[in-house]
Number of protein chains: 2
Amino acid sequence: MELVNKRMTKQKRVILDILRNTDTHPTADWIYEQARKVLPDISLGTVYRNLGVLTETGQIMELNYGSSYSRYDGNPNNHYHSVCLKCGRVKDLEMPLHKELEKEVETLNCDKVLYHRLEFYVICQSCQQKEKDKK
Amino acid sequence: MELVNKRMTKQKRVILDILRNTDTHPTADWIYEQARKVLPDISLGTVYRNLGVLTETGQIMELNYGSSYSRYDGNPNNHYHSVCLKCGRVKDLEMPLHKELEKEVETLNCDKVLYHRLEFYVICQSCQQKEKDKK
DNA sequence: GTAGTTGCAAACTTTTTGCTACCCA
DNA sequence: TGGGTAGCAAAAAGTTTGCAACTAC
């Protein structure tokens, strides 16, 4: 948090690689399982500690959409997500940021807006299909 | 969840009253403490169970903004929030819903959008003031 | 009367932390 | 070489659940 030196360890690098090479918005536990394939002795505590550090330094994003556990996103640039209410899958949305919303709030409120988060709760196509098949 | 009959118990009524008479977006634990002032024998499990039922039936909203615990909102109608990054206070925003954002996603994506959530991360006025005072 | 609900406590899940040994800069 | 970091395990924090007794409808 403070102005402490952060080191690049092999554990941190592996975690970052995993996150940058998936678009599944994984949980800490999934990342731990993947990391163990490369570093069998890595501990879950280390995964959590590094996810914390990487979030603080802005290299990844922490998401928590309705569930009791966090998900992580290797893309640190603000973007929007959709969450399927049936299957829980989190998807990146390729739509431009609506920065004007922040202006709207600042005008309304006098609070200083640093960023915003927007997510859409959906029934994804494949879950829609499954519902149709049932009938 | 299913088509089960739900009963109105005194515990549920008290919880609902508490939520409707605050704008602080409280945690389950805070609600429990308040409820105990009226019903000293109420248990935390009952609070959680009722918060779950009330959320399912759409009478309240569950929020979880970055923290490890949920907050609850007695206003079940979709509205936006701002969260102060310094003091953590959650505030209701009196701004109209941007339904057109949902259209944008449906066009982009073919998923069916049920609702969306938008929150703004801010430094609130009083925290801005405190920072100024330090200097 | 009876099925949904309660209080209690134990269990569960996810995340954090204390400690010693280790290793990156 | 020194201080940030790892591994391990225990603990914390938040939430869920099994069960017998109770109560709203």
Side-chain angles (χ1 to χ4, degrees), chain A residues 1-19 24-57 59-73 88 90, chain B residues 1-19 24-57 59-73 88 90:
Chain A
M1 340 258 298
E2 319 301 326
L3 295 172
V4 196
N5 292 323
K6 303 289 182 191
R7 286 185 191 162
M8 179 53 68
T9 61
K10 55 179 185 297
Q11 290 85 349
K12 191 188 287 181
R13 191 184 312 283
V14 165
I15 290 169
L16 204 44
D17 276 355
I18 290 171
L19 271 170
T24 60
H25 308 83
T27 61
D29 206 64
W30 187 90
I31 295 166
Y32 171 56
E33 291 304 330
Q34 300 305 309
R36 284 218 297 182
K37 295 178 184 170
V38 186
L39 302 171
D41 287 337
I42 196 173
S43 77
L44 186 53
T46 295
V47 171
Y48 273 106
R49 263 185 294 233
N50 276 308
L51 289 171
V53 169
L54 291 169
T55 302
E56 277 167 26
T57 57
Q59 297 171 268
I60 64 174
M61 274 206 302
E62 185 178 354
L63 317 172
N64 43 350
Y65 294 159
S67 29
S68 51
Y69 45 82
S70 285
R71 294 173 168 278
Y72 296 86
D73 191 326
V90 178
Chain B
M1 347 251 294
E2 319 301 325
L3 294 171
V4 196
N5 292 322
K6 303 289 182 190
R7 286 183 190 164
M8 180 52 70
T9 60
K10 54 181 186 300
Q11 290 86 347
K12 192 189 285 182
R13 192 184 311 285
V14 165
I15 291 168
L16 203 44
D17 277 355
I18 290 171
L19 271 170
T24 59
H25 308 83
T27 62
D29 207 65
W30 187 89
I31 295 166
Y32 171 57
E33 290 305 328
Q34 299 305 307
R36 285 218 296 183
K37 294 179 184 170
V38 187
L39 303 170
D41 286 337
I42 195 173
S43 77
L44 187 52
T46 295
V47 171
Y48 274 107
R49 264 185 294 234
N50 276 309
L51 289 172
V53 169
L54 291 168
T55 301
E56 277 167 27
T57 57
Q59 296 171 270
I60 65 174
M61 274 206 300
E62 185 177 354
L63 318 172
N64 43 349
Y65 294 160
S67 27
S68 50
Y69 44 85
S70 286
R71 294 173 168 279
Y72 296 87
D73 191 325
V90 177

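Convention: sequence-line order gives letters A, B, ...; per-chain numbering from 1.
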Contacts of [X] that satisfy side-chain hydrogen bond (donor to acceptor under 3.5 Å, both in side chains) - sequence neighbours left out:
X       : value
B/Thr27 : none
A/Glu33 : none
A/Thr55 : none

Please give, in whole Å, the distance from [N] [atom2] to [X] [atom1]?
X       : N      : atom1 : atom2 : result
B/Ile15 : C/dT5  : CD1   : P     : 12 Å
A/Lys10 : D/dA6  : NZ    : P     : 9 Å
B/Glu62 : D/dT16 : CD    : C1'   : 13 Å
A/Tyr69 : C/dC12 : OH    : C1'   : 15 Å
B/Leu51 : C/dT5  : CG    : P     : 14 Å
A/Glu56 : C/dT16 : CD    : P     : 11 Å
A/Met8  : C/dA25 : CE    : P     : 8 Å
B/Ile31 : D/dT15 : CD1   : P     : 10 Å

Can a side chain N or O of [X] be found less than 4.0 Å away from OP1 or OP2 on [N]?
X       : N      : answer
B/Ser70 : D/dT15 : yes
B/Asn64 : D/dG14 : no
B/Tyr48 : D/dT15 : yes
B/Gln11 : C/dG7  : yes

Drop me the distance from [X]'s [atom1] to [Y]'s [atom2], to the nearest 0.5 angstrom.
X       : Y       : atom1 : atom2 : value
A/Asn64 : A/Tyr69 : CG    : OH    : 11.5 Å
B/Ile31 : B/Arg71 : CD1   : CZ    : 10.0 Å
A/Lys12 : A/Gln59 : NZ    : CD    : 6.5 Å
B/Gln34 : B/Asp29 : CD    : CG    : 10.5 Å

Looking at D/dT5, D/dT15, D/dA24, which one has an atom nearest to any side-chain atom of B/Arg7?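 Of the candidates, D/dA24 comes closest.
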Given C/dT14, D/dG4, C/dT5, which nucleotide is nearest the side-chain atoms of B/Lys12? C/dT5
Going by the rule side-chain contact (heavy atoms from CB on, under 4.5 Å), which residues pair with A/Gln11 if we only count those two or more places apart in sequence or in a different chain?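 Result, side-chain contact (heavy atoms from CB on, under 4.5 Å) vs A/Gln11: A/Thr9, A/Leu39, A/Ile42, A/Thr46, A/Asn50.
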From the list B/Leu16, B/Ile15, B/Asp73, side chain to side chain contact (heavy atoms under 4.5 Å, CB included) partner of B/Ile60 resolves to B/Leu16
If you restrict it to nitrogen or oxygen atoms, what contacts under 3.5 Å exist between nucleotides 8-11 of chain C and the protein, and what is each distance?
| from | atom 1 | to | atom 2 | distance (Å) |
| --- | --- | --- | --- | --- |
| C/dC8 | N4 | B/Arg49 | NH2 | 3.4 |

How would you label the contact of B/Asp29 with the nucleic acid (heavy atoms, under 4.0 Å): base, sugar-phosphate, or nothing?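 It contacts nothing in the nucleic acid.
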Axis-to-axis angle for the helix from C/dG1-D/dC25 to C/dA25-D/dT1, ends of five pairs each, to 10°, equals 50°
Do the non-hydrogen side-chain atoms of A/Glu62 and A/Leu51 ever get within less than 4.5 Å of each other?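 With C-beta onward as the side chain, the pair stays apart.
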With the side chain counted from C-beta on, respond yes when B/Lys10 and B/Arg13 share a heavy-atom pair under 4.5 Å apart, and no when they do not.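 Sidechains of B/Arg13 and B/Lys10: no contact.
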Looking only at heavy atoms, what is the nearest atom pair of B/Leu19 and B/Tyr72, with distance? CD2-O, 3.6 Å
For DNA chain C, which residues of residues 32-39 of chain A approach it to below 4.0 angstrom with any heavy atom? none
